[in-house]
Amino acid sequence: MPSKTIDDARLTVHREDPPGDGRYVFYWMQASVRTRHNDALEYAVQQANQTGLPLVVGFGLDADYDDATPRSLRFLVDGLIDVAGGLTRRNIGYVVRAGHPLDVAASLAEEAAVVVMDRNYLREPRRWRAELADNVAVRVVEVEANAVVPVETASDKREWAARTIRPKIERQLERFMEELTTTPIDHRDPPDLESLDPTSADTLLEAIALDDVDMQFSGGEHQARAALRRFVEDGLPNYPDAGTVVTGDLSSRLSMYLHYGHISPVAIALAVENSGTSRGARDAYLEELIVRRELANNYVWFERDYDRFTALPEWARTTLAAHRDDDREVTYTAAELERAQTHDRYWNAAMVEMRETGYLHNRMRMYWGKRILDWTNTPEYAFRVALDLNNRHFLDGRDPNSFANVGWLFGLHDQAFAERDIIGKLRPLTRSGLERKVDVDAYIDHVERITGIEIEGS
DNA sequence: ATCGGCTCGCGCAA
DNA sequence: TGCGCGAAGCCGAT
């Protein structure tokens, strides 16, 4: 059965070399930790079949990556365990080693005839991929498996806002919204390589010196698909309400799985598109999943300083500078904020939910973030604190969306509004506005119930 | 309850 | 060069 080839636009050939005389095709798994609907994995299978070699998938498990926490590591490990079953069933080798991802990959690449990599967007893994490609003498191909429209196919520059990238993405949707078929691998036993036991949570956790953690959400592609099924059945039909119901399960909660590559955005988009839900609800969700998410990819891909205040648009930095010395009614330090010790119970509830569960509804994220600007000494400090708390506490932290969303609090991809104290011309989001749109008492109850922590403040 | 103004700059039409 | 309009708003006038 001939398998469908991967769209050329998903491929970045780092090295054109013919396959080397290695013993296997090596897929360095990093950003797409799943066995279903993974373009990089399917491409690697096709390369294995073409070269007549077995396929080895390898992952470098590193407890020292930026902003790693017990919770984020546990979620990552959930994903690694899940992958083991899917790979074994397909007779694909699977190696998990503790260590820096680039070191683990470089070591496995030494005996590889072809190297396949998946793609994420942040600067460190981008540099690692380039470095690996520089240090081997075989064919090296990177495969985009985590976006609907590959970032450079959608646009060749940093986009200004959703409205500027939207038509560019929509023009390409038909081409890239395609089911990915699974390619059967020719039967060849993978080589026996040194690895941790990737089916044992205890082994993996021990390798990174991590005690088991209480988790509100579990990672892995099985949980991701369950979340998708739940969302398509219950959340999606009510999606117009999802923006104001902050306590329940209308939100998809898929962003954490997308962040770890436990699910494919194309698979989600197809499931939503093929559901029986109304056009309006489908479009509202697909706008978030594709246009806004891929605007964030565009931002970190084309803006070198995506994690810096200086990357914000000129008008936003100018207006914040003009209000730098405005009086603040109250200021808090990063530590006070993290302990949820402000005067504002809505804010404290949001901080507690974020800190204790790793999740927060979008509307609460916006309220949470906008207040930090009001309650800290300088906008630069506010930016740093918001990004740091975001990236350490959210299960979807350090995603391109993290940088775009925190930037949005400070004017990125947004427009100007009537000038106010402190925030200047940034879009305001007030406490009364939150009360207007959200059942705040129900929200406080919800947070107290799920965390067992009493929320203080007025 | 609804509406216009606030405010900026991109991108397209002309 | 002019003009419409936008990632989730707010406020005051009607």
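Below, each value reflects all heavy atoms present in this structure, side chains not excepted, and no hydrogens, waters or symmetry copies. Below, chains carry the letters A, B, ... as their sequence lines are ordered, and counting in each starts from 1.
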Base, sugar-phosphate, or nothing for [X], non-hydrogen atoms under 4.0 angstrom?
X: A:Asn405; result: base
X: A:Arg166; result: sugar-phosphate
X: A:Trp408; result: base

Checklist entry - Quick one: is A:Lys425 getting a side-chain N or O under 4.0 Å of the B:dC8 phosphate, OP1 or OP2? => result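 Checking B:dC8 against A:Lys425, a side-chain N or O does come within under 4.0 Å of OP1 or OP2.
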Once you round it to whole Å, what is the distance between [atom2] of [N] and [atom1] of [X]?
X: A:Arg292; N: C:dG6; atom1: CZ; atom2: C1'; answer: 12 Å
X: A:His413; N: B:dC10; atom1: NE2; atom2: C1'; answer: 13 Å
X: A:Leu426; N: C:dA7; atom1: CG; atom2: C1'; answer: 14 Å
X: A:Phe403; N: C:dA7; atom1: CZ; atom2: P; answer: 23 Å
X: A:Leu295; N: C:dA7; atom1: CG; atom2: C1'; answer: 9 Å
X: A:Leu320; N: B:dC8; atom1: CG; atom2: P; answer: 13 Å
X: A:Leu312; N: B:dC8; atom1: CG; atom2: C1'; answer: 15 Å
X: A:Ile165; N: C:dC5; atom1: CD1; atom2: P; answer: 21 Å

Checklist entry - Is it the case that A:Glu159 and A:Ser155 place a side-chain donor and acceptor less than 3.5 Å from each other? => result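 The criterion, which ignores hydrogens and geometry beyond distance, is satisfied for A:Ser155 and A:Glu159.
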Checklist entry - Does any donor atom in the side chain of A:Arg129 or A:Asn120 lie under 3.5 Å from an acceptor atom in the other side chain? => result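 The answer is yes; a qualifying pair exists.
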Checklist entry - When every nucleotide of nucleotides 9-14 of chain C is labelled 5' to 3' by its protein contacts under 4.0 Å (heavy atoms), B for base, S for sugar-phosphate only, - for none, what sequence of letters results? => result BSS---
Next on the checklist: Between A:Thr183 (side chain only) and A:Tyr43 (backbone N and O only), is there a donor and an acceptor less than 3.5 Å apart?
Outcome noted: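 Between the backbone of A:Tyr43 and the side chain of A:Thr183 there is no qualifying donor-acceptor contact (under 3.5 Å).
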Item to check | Side-chain donor or acceptor of A:Arg123 paired with backbone N/O of A:Arg304 under 3.5 Å | outcome: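 Here the side-chain-to-backbone pair exists.
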Item to check | For B:dT7, the Watson-Crick or wobble counterpart (both distances under 3.5 Å) | outcome: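 Base-paired to nothing in any strand shown.
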Next on the checklist: So that I know where these two stand, are A:His413 and A:Tyr299 an aromatic pair - ring centroids less than 6.0 Å apart?
Outcome noted: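 Yes; A:Tyr299 has its ring centre under 6.0 Å from that of A:His413.
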Next on the checklist: Can you classify the ring geometry of A:His262 versus A:Phe75 as parallel (below 30°), tilted (30 to 60°) or perpendicular (above 60°)?
Outcome noted: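 Geometry flag for A:Phe75 against A:His262: parallel rings.
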Checklist entry - Does A:His222 NE2 have over 12 foreign heavy atoms under 6.0 Å away? => result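 No, not enclosed.
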